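What follows is a set of notes on a single structure, which appears directly below.
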Amino acid sequence: YGSVILMGGYHVERTFIMIKPDGVQRRLIGEIISRFERKGLKLIAAKLLKVSEEQARAHYAEHAGKPFYPSLIEFITSGPVLAMVWQGVDAIQHGRALIGKTNPLEAAAGTIRGDYGIHTNRNLIHGADSKESAEREIAIYFAPGELVDYELAQHHWI
Ligand code: IDP
């Protein structure tokens with residue numbers, strides 16, 4: 001019954017997180033995953049893949065027509081990425097907080113972009129910014145059966 005008390009009134013969410021091609025090339029996968037693990041979020045899906053043109057356009061549809069859109073599509077399809085789904089209480093907001101602001105110049109030290117990023121075009125990682133985007137983005141990269149349902153032994157302590 002502990003989980004009922006601890007989780008009462010909180011929102012258990014799923015968020016979509018992607019380590020972009022620069023994060024993979026710079027071998028920051030382990031460092032980045034470890035920050036999400038230590039935070040208390042639970043990894044429920046992960047896939048190393050090359051993003052297709054079609055996936056890239058679906059993912060970044062809201063930016064179509066903006067000056068940086070062509071280079072964004074070119075960059076995100078340029079090499080392997082690590083697509084992930086993380087679950088936990090307020091996972092979407094916690095993910096965004098771990099990642100930091102879009103422009104690494106404005107991202108606080110201690111965030112992933114603040115610690116490892118230099119430029120907006122190479123900001124290492126993507127994180128969904130709302131429940132709607134999270135669901136939409138998860139569906140672009142994962143089939144429903146690829147999300148793994150399990151309980152961590154630590155569950156009651158986080
Ligand atoms: P987010 O990744 O922090 O959610 P969004 O505004 O959704 O930021 O933009 C998606 C991605 O597009 C950014 O992570 C960044 O790589 C790129 N981007 C956003 N704004 C600019 C810009 O003004 N110049 C160049 N690239 C940009």
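Here the structure is a predicted model, which means the values were calculated and not measured.
- Counting only residues at least two apart or in different chains, salt bridge (Lys or Arg N to Asp or Glu O under 4.0 Å) contacts with residues 114-124 comprise R35-D115.
- A distance of 5.0 Å separates CD1 in I92 from OG1 in T15, rounded to the nearest 0.5 Å.
- Both L41 and I29 are members of a single hydrophobic cluster when ILVMFWY side chains are connected at heavy-atom separations under 4.5 Å.
- Not one N or O on the side chain of N123 forms a donor-acceptor pair closer than 3.5 Å with the backbone of R113.
- Contacts of R57 classified as salt bridge (charged side-chain N to carboxylate O under 4.0 Å, His left out), with partners at least two apart in sequence or in another chain: E53.
- M84 is listed as a side-chain neighbour of I19, based on a closest heavy-atom distance under 4.5 Å.
- Pairs engaging residues 135-153 under the side-chain hydrogen bond (donor to acceptor under 3.5 Å, both in side chains) rule: K47-E146, H59-Y141, H126-E137 [sequence neighbours left out].
- When all heavy atoms are compared, the tightest approach of V81 to P21 is CG1-CD, 3.5 Å.
- When all heavy atoms of A45 and F142 are compared, the pair lying nearest together is CB-CE2, 3.8 Å.
- Listed by first and then second residue, the side-chain hydrogen bond (donor to acceptor under 3.5 Å, both in side chains) pairs that reach into residues 83-93 are R14-Q87, sequence neighbours excluded.
- A 4.5 Å side-chain heavy-atom check between F75 and D22 finds at least one atom pair inside the cut-off.
- With sequence neighbours excluded, no residue forms a ring pair (Phe, Tyr, Trp, His ring centres under 6.0 Å) with Y69.
- When V85, V12, L152 are each tested for a side-chain contact (heavy atoms from CB on, under 4.5 Å) with K42, only one passes: L152.
- Formation of a donor-acceptor pair under 3.5 Å by the H11 side chain with backbone atoms of E13 is not found in this model.
- L72 and F16 fall within a single hydrophobic cluster, where Ile, Leu, Val, Met, Phe, Trp and Tyr are joined by side-chain heavy atoms under 4.5 Å apart, directly or via other members.
- Listed for the T77 side chain is a donor-acceptor partner under 3.5 Å among the backbone atoms of I73.
- Here the side chains of L49 and Q55 are in contact, with some heavy-atom distance below 4.5 Å.
- Residues L82 and I33 meet the side-chain proximity criterion, which asks for heavy atoms closer than 4.5 Å.
- The side-chain heavy atoms of I32 and I125, taken from C-beta on, include a pair separated by under 4.5 Å.
- Pairing each heavy atom of T120 with each of P104, the nearest pair is N-CD, 3.5 Å.
- Counting only residues at least two apart or in different chains, salt bridge (Lys or Arg N to Asp or Glu O under 4.0 Å) contacts with residues 62-75 are absent.
- For L147, the CG atom sits in a packed shell: over 12 heavy atoms of surrounding residues, nucleotides or ligands are nearer than 6.0 Å.
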